[in-house]
Q: 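Handing you this structure, nothing more for now.
Just so it is clear: chains get the letters A, B, ... in the order the sequence lines come, proteins before strands, and each one is counted from 1.
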2 protein chains.
Amino acid sequence: MIYKLDKLDTRILNILQKDASLSTKDIAEQIGLSVSPTHERIKRLKSEGYIEKYVALVNREKLGKHLLVLCTVTLKEQSIETLKNFEESVTQFKEVLEVLCIAGGQDYLLKIVVDDVDDYHTFVVTHLSSLSNISTLSSSFVLKEIKRETAFHLNFYL
Amino acid sequence: MIYKLDKLDTRILNILQKDASLSTKDIAEQIGLSVSPTHERIKRLKSEGYIEKYVALVNREKLGKHLLVLCTVTLKEQSIETLKNFEESVTQFKEVLEVLCIAGGQDYLLKIVVDDVDDYHTFVVTHLSSLSNISTLSSSFVLKEIKRETAFHLNFYL
DNA sequence: GGACAATTCAGGATATTTTATTGAATATCA
DNA sequence: TGATATTCAATAAAATATCCTGAATTGTCC
């Protein structure tokens, strides 16, 4: 069921990853097709899961979320049960935007967004540190977000 | 000028951050307004920079980007010139989706997306390690992306 | 308190876009 | 070569975005 994407599909994905507010007509012109097939391709890319969703990206600072924190967590045990339990718990916190399981040492990296330092302290004390099986917890404040990009650059390989 | 957003604005932003493919009509119904003022608010939020852009989020694995790497970089010197030079260079690599300047040790964390380990090796050798003033370079492979969220949860404070 | 100004809203008119349908052109394969 | 499937363009319709007008609300200053 792996549908092979052609050059036009990858071009559509590259365009929509950068600007999803473009009309089908605009995209059609860029890739050199008419509106109908362009629309069907976009619809197919969505329905087949290549496009997961369309979202608005907002300005973090302007909306009062001044603090971005990277938090490294190691667990006491590494049983499947423990890992799964931790993952499900930490995923539910709205302050935690990303959870990555890192190779080497079996630990996790969390990306956390909060208003300020006070807010972060409250979050750690009342939510994060109360999770069971946490061994160590190390927080690094982000001084500056130099680049934030959600688009992967896709190439079409024959 | 600081908090000119009201409750309806924050609700709109929360909705659009999760699903930007909703029609103005849908959003209007959710927040209890008619289409016109809802449309005006969305347009204003965009023009005033609260909404930076609309994008399509794609499925990384399905599109052949199988390897996500976190790379920590420290520089030899920390002069403003050196930092700026590094930041401008590393930002231009399409494989590098995020560049964060981290407190403590004056170093950087890069989020890098590539096809596979071979691809990563090529990237490091031909691009990353050839940058000047790099002191140390430590790569951590991501075993599993447990949560990826782009939406901040916004509250309206009186 | 009253009147004016500014803001925010709803409803409707129009332009644009999305979406579905049809048939033609092209490619595929026996 | 002939049949089948795929991809495309063109058209029409439905839905939506966008603009405009006037009413209601709020805030402000006499």
Q: Rounded off to whole Å, could you give me the CG-to-C1' distance for the A:Leu33 and C:dA25 pair?
A: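 In whole Å, C:dA25 C1' and A:Leu33 CG are 14 Å from each other.
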
Q: Of the candidate nucleotides C:dA10, D:dA9, C:dT19, which contains the atom at the shortest distance from the side chain of A:Val35?
A: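 Side chain of A:Val35 sits closest to C:dT19.
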
Q: Separation of A:Glu40 atom CD from C:dT18 atom C1', in whole Å?
A: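 The distance from CD of A:Glu40 to C1' of C:dT18 comes to 12 Å, rounded to the nearest Å.
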
Q: Which heavy atom of A:Glu98 sits nearest to which heavy atom of B:Glu149, and what is that distance?
A: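 Heavy-atom minimum between the residues: CG-N, 4.4 Å.
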
Q: Quiz question: going by heavy-atom distance under 3.5 Å, is there a donor-acceptor pair between the base of D:dA17 and the side chain of B:Thr24?
A: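 Not at all, since no donor on one side and acceptor on the other fall under 3.5 Å apart.
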
Q: Passes side chain to side chain contact (heavy atoms under 4.5 Å, CB included), B:Cys71 versus B:Tyr120? Steps please.
A: CA-CA 11 Å; B:Cys71 186; B:Tyr120 185 66; 3.9 Å; yes

Q: Round to a whole Å and report the spacing from CD1 of A:Ile27 to P of C:dT16.
A: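 Rounded to whole Å, this separation is 18 Å.
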
Q: Step by step, work out the side chain to side chain contact (heavy atoms under 4.5 Å, CB included) result for A:Val90 and A:Tyr108.
A: CA-CA 10 Å; A:Val90 81; A:Tyr108 294 92; over 6 Å; no

Q: Send over the distance from B:Ile42 CD1 to D:dT18 P, rounded to a whole Å.
A: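 So the CD1-P distance, B:Ile42 to D:dT18, works out to 9 Å.
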
Q: Find the distance B:Lys25:NZ to C:dG11:C1' and express it as a whole number of Å.
A: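 Whole-Å distance recorded here is 15 Å.
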
Q: Would you check if there is a donor-acceptor pair between the side chains of B:Asp119 and B:Thr122 at a distance under 3.5 Å?
A: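 Not at all, the side chains of B:Thr122 and B:Asp119 share no donor-acceptor pair under 3.5 Å.
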
Q: Under 4.0 angstrom, heavy atoms only, what part of the nucleic acid is B:Ser23 near: base, sugar-phosphate, or nothing?
A: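 Contact class for B:Ser23: sugar-phosphate only.
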
Q: Between A:Asp26 and A:Ser36, just flag the one whose closest nucleotide in DNA chain C comes earlier from the 5' side.
A: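 Its nucleotide being nearer the 5' end, the pick is A:Asp26.
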
Q: I want to check one thing: is the phosphate of C:dC9, taken as OP1 and OP2, less than 4.0 Å away from some side-chain N or O of B:Arg41?
A: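 So the side-chain polar atoms of B:Arg41 do come within 4.0 Å of the phosphate oxygens OP1 or OP2 of C:dC9, strictly under.
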
Q: Rounded to the nearest Å, what distance is computed from the NZ atom of residue A:Lys43 to the C1' atom of nucleotide C:dT17?
A: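 Result: 14 Å.
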
Q: Provide, to the nearest angstrom, the distance between the CG atom belonging to B:Leu8 and the P atom belonging to C:dT8.
A: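 Atom-to-atom, B:Leu8 to C:dT8, this comes out as 11 Å.
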
Q: Taking OP1 and OP2 of D:dA17, is either one under 4.0 Å from a side-chain nitrogen or oxygen of B:His39?
A: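 Indeed not, no polar side-chain atom of B:His39 lies that close.
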
Q: Does this structure show an ion pair linking A:Lys53 with B:Asp19, if we count only N-O contacts that are shorter than 4.0 Å?
A: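 Salt bridge: no.
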
Q: Within this structure, what is the CG-to-C1' distance between A:Leu22 and C:dT18, rounded to whole angstrom?
A: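 For the pair A:Leu22 CG and C:dT18 C1', the rounded distance is 15 Å.
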
